[in-house]
Amino acid sequence: MSKLTIPEIKKQLEEKNIEYKSNMKQDELLKLLNGEQGKKSSEPDTSAEEENNETKEEAKPKRYVVVHDFKDLEDNGFVYFKGDPFPRKENKDVEEERIKELSSIKNKRNRVLIREQD
């Protein structure tokens, strides 16, 4: 995989609909590409669910799951993979407007990137 050129890596990322910055270096692009392949079998984080069970009396916050891989440009370029919880623990302060943007086709990718979890 490391013998790929930058244009070849970018082509593969585009085929997989993974966003990247045009000024990213080869190793960063490879990490993005390899991360996408390695994370396909990942499961959503369940620790937040356990925490929710402990506070049943409080209003249950909405939870979201990633349905298409994307790079969150409003979270320092953090890459979310299909099946990941959204938002990640380190960035829980996401505005409702951003949630609406990502859960609709009105975003830069023109596709639904997250959906509400049951």
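One is the number of the first residue; the rest follow in order along the sequence.
Here the CG atom belonging to Leu102 is positioned 5.0 Å from the CD1 atom belonging to Ile114, to the nearest 0.5 angstrom. Residue Leu13 holds its CG atom at 11.5 Å from CD1 of Ile6, rounded to the nearest 0.5 Å. The structure places NZ of Lys10 at 13.5 Å from CG of Leu4, a figure rounded to the nearest 0.5 Å. The CG atom of Leu32 sits 10.5 Å away from the NZ atom of Lys16 when rounded to the nearest 0.5 Å. Taken to the nearest 0.5 Å, the CG atom of Asp69 stands 6.0 Å off from the CZ atom of Phe81. With values rounded to the nearest 0.5 angstrom, Lys25 atom NZ is found 6.5 Å from Glu28 atom CD.
Annotation: Glu97, atom CD; neighbour count of heavy atoms from other residues, nucleotides and ligands within 6.0 Å does not exceed 12. Heavy-atom neighbours of Glu95 CD from other residues, nucleotides or ligands within 6.0 Å: at or below the threshold of 12. For Asn23, the CG atom is densely surrounded, since the number of other residues' heavy atoms within 6.0 Å is greater than 12.
In this structure, Arg115 and Val65 have side chains that are in contact, with non-hydrogen atoms separated by less than 4.5 Å. Looking only at side-chain heavy atoms (C-beta outward), Phe78 and Phe70 stay at 4.5 Å or farther from each other. Annotation: side chain of Tyr80 is in contact with side chain of Pro87 (closest heavy-atom distance under 4.5 Å). By the 4.5 Å heavy-atom criterion applied to side chains, Lys11 and Glu15 are counted as neighbours.
Salt-bridge formation is detected for the pair Arg98/Glu101: a Lys NZ or Arg NE/NH1/NH2 atom is positioned less than 4.0 Å from an Asp or Glu carboxylate oxygen. We find that Asp75 and Arg88 are joined by a salt bridge, their nearest charged nitrogen and carboxylate oxygen being less than 4.0 Å apart.
Transitive grouping of hydrophobic side chains (ILVMFWY, heavy atoms separated by less than 4.5 Å) brings Ile18 and Leu29 into a common cluster.
Listed for the Glu8 side chain is a donor-acceptor partner under 3.5 Å among the backbone atoms of Thr5.
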| Taking it one step at a time, do Glu116 and Arg63 satisfy salt bridge (charged side-chain N to carboxylate O under 4.0 Å, His left out)? | CA-CA 6 Å; Glu116 190 172 343; Arg63 297 181 42 205; over 6 Å; no
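The side-chain contact (heavy atoms from CB on, under 4.5 Å) test with Leu113 is passed by exactly one of Ile105, Asn107, Val66, Asp72: Asn107.
A donor-acceptor pair shorter than 3.5 Å can be found between the side chains of Glu14 and Tyr20.
Evaluation of the salt bridge (Lys or Arg N to Asp or Glu O under 4.0 Å) test over residues 102-112, restricted to residues two or more places apart or in two chains, returns Glu19-Arg109.
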